[in-house]
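Because the structure is predicted, anything quoted here is derived from the model rather than measured.
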Amino acid sequence: CLRPRKTLFVLPVGIMEDHGDHLPLGLDLNIAEALAQNLAERIELELQGWKTVIMPSLAAGIDGNTRTWSFNIRGHVIRDWLIDSTLELRRQGFRWFVCVSGTDSPRQLTAIEEAGKWISARWGKWRRPSQAPATFLSYTSGEPRIRDFRLSWKSPFLPDPIEHGGKED
C-alpha cells in the first residue's frame, strides 16, 4: 500500500536521437531511466518509510543534440504530459513528483520548469517545502546527495549536470 505523504513518483523523459555507432539510439532515455532507478534506490535507503514509483518513460525530447537523427516534439507536449500525470496522481492524494530528464537542452528544461510552475500555481503558495502540495523538479545530476534533493525547492534544477554523449556516458 502506498502512503500519499511518503511516496515519490519519478517520471523519466529522454529524447530518442542518434549518437553515432558508439552509443545507443535511446541513450538519453537510458540515462533518465538509470537516474530514476538510482534516485529510487537512494530515497528508499536514506528516507525511512518512503516508497518510490518509477512511472513509464516518455521517449521524446524538444531539442536533439545531433545532426543525424532525433525524435523532436513540441515543448507543450512534455509539459502537458507532466502536468496531466501529476494531476491524476494528485487527485489520488499523492504530492511528491520528480521529472528525471536525460536531455538537458534549455527548451527541455524550460518545459519541465513550466510544468512545475503550473502545478505549484494550481495548489497555491506555501511557506516551507514540507507544506508544498506538489513538488516538481528536473533531476539531471548523476550523483546528487539527498540533501540536494531536500533543498531543491529553492531551484527547479539540481546541480552538476552530467556530460551529454561524452566520456561520462
Side-chain angles (χ1 to χ4, degrees), residues 1-20 22-66 70-71 78-79 81-83 85-86 88-90 94-116 119 129-130 132 134-169:
C1 182
L2 298 175
R3 297 180 356 204
R5 295 198 179 261
K6 286 199 167 193
T7 301
L8 172 70
F9 285 86
V10 183
L11 298 102
V13 60
I15 194 168
M16 296 295 288
E17 66 182 357
D18 181 26
H19 287 90
H22 67 296
L23 293 170
L25 180 66
L27 176 66
D28 292 51
L29 190 58
N30 293 349
I31 289 170
E33 291 171 341
L35 289 172
Q37 187 63 42
N38 176 271
L39 175 63
E41 289 169 4
R42 292 184 71 182
I43 290 290
E44 292 185 11
L45 179 68
E46 296 183 32
L47 299 176
Q48 187 176 12
W50 278 75
K51 296 291 181 198
T52 308
V53 176
I54 300 174
M55 298 293 287
S57 304
L58 178 64
I62 299 169
D63 290 319
N65 289 327
T66 67
S70 63
F71 183 69
I78 290 176
R79 181 200 66 213
W81 174 75
L82 293 170
I83 289 171
S85 299
T86 303
E88 183 54 36
L89 291 166
R90 182 69 181 120
F94 297 101
R95 60 189 288 171
W96 300 108
F97 310 94
V98 175
C99 177
V100 181
S101 179
T103 307
D104 61 358
S105 74
R107 292 191 325 150
Q108 178 100 351
L109 298 179
T110 298
I112 294 166
E113 185 178 60
E114 286 175 359
I119 292 163
S130 61
T135 299
F136 211 65
L137 55 102
S138 171
Y139 174 91
T140 56
S141 179
E143 289 296 327
R145 300 171 305 219
I146 293 300
R147 179 181 167 275
D148 294 329
F149 176 72
R150 287 182 180 154
L151 297 175
S152 64
W153 63 277
K154 294 181 180 180
S155 170
F157 307 113
L158 290 180
D160 304 322
I162 58 178
E163 181 183 351
H164 180 80
K167 72 176 187 174
E168 293 297 317
D169 294 332

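- Inter-residue side-chain proximity for Phe94 and Val53 is flagged as unmet; no heavy-atom pair is nearer than 4.5 Å.
- Summarising the geometry of Ala115 relative to Leu82, their closest heavy-atom pair is CB-CB, 3.9 Å, with the distance given to 0.1 Å.
- Distance check, rounded to the nearest 0.5 Å: CD1 of Ile54 to CD of Glu41 gives 8.0 Å.
- The distance from atom CD1 of Ile15 to atom CG of Leu58, rounded to the nearest 0.5 Å, is 10.5 Å.
- Rounded to the nearest 0.5 angstrom, Arg107 CZ and Glu114 CD are separated by 11.0 Å.
- With a 4.5 Å cut-off on side-chain heavy atoms, Ile119 and Arg90 do not count as touching.
- By the 4.5 Å heavy-atom criterion applied to side chains, Glu33 and Asn30 are counted as neighbours.
- Using a 4.5 Å heavy-atom cutoff, the side chains of Gln108 and Val13 are in contact.
- Note that CD of Gln37 is 9.0 Å distant from OG1 of Thr52, once rounded to the nearest 0.5 Å.
- No more than 12 heavy-atom neighbours from other residues, nucleotides or ligands sit within 6.0 angstrom of NZ on Lys51.
- Looking only at side-chain heavy atoms (C-beta outward), Leu11 and Trp81 come within less than 4.5 Å of each other.
- Across all non-hydrogen atoms, the minimal contact from Val100 to Ala32 is CG1-O, 3.2 Å.
- We find the CH2-CZ distance between Trp50 and Arg3 to be 9.5 Å, quoted to the nearest 0.5 Å.
- Residues Leu8 and Leu47 form no side-chain contact, since every pair of their non-hydrogen atoms from C-beta on lies 4.5 Å or further apart.
- Of all heavy-atom pairs spanning Ala59 and Phe71, the tightest one is O-CD2, 3.8 Å.
- Summarising the geometry of Trp96 relative to Thr7, their closest heavy-atom pair is CB-O, 3.5 Å, with the distance given to 0.1 Å.
- Separating the OG atom in Ser101 from the CD1 atom in Ile31 is a distance of 9.5 Å, to the nearest 0.5 Å.
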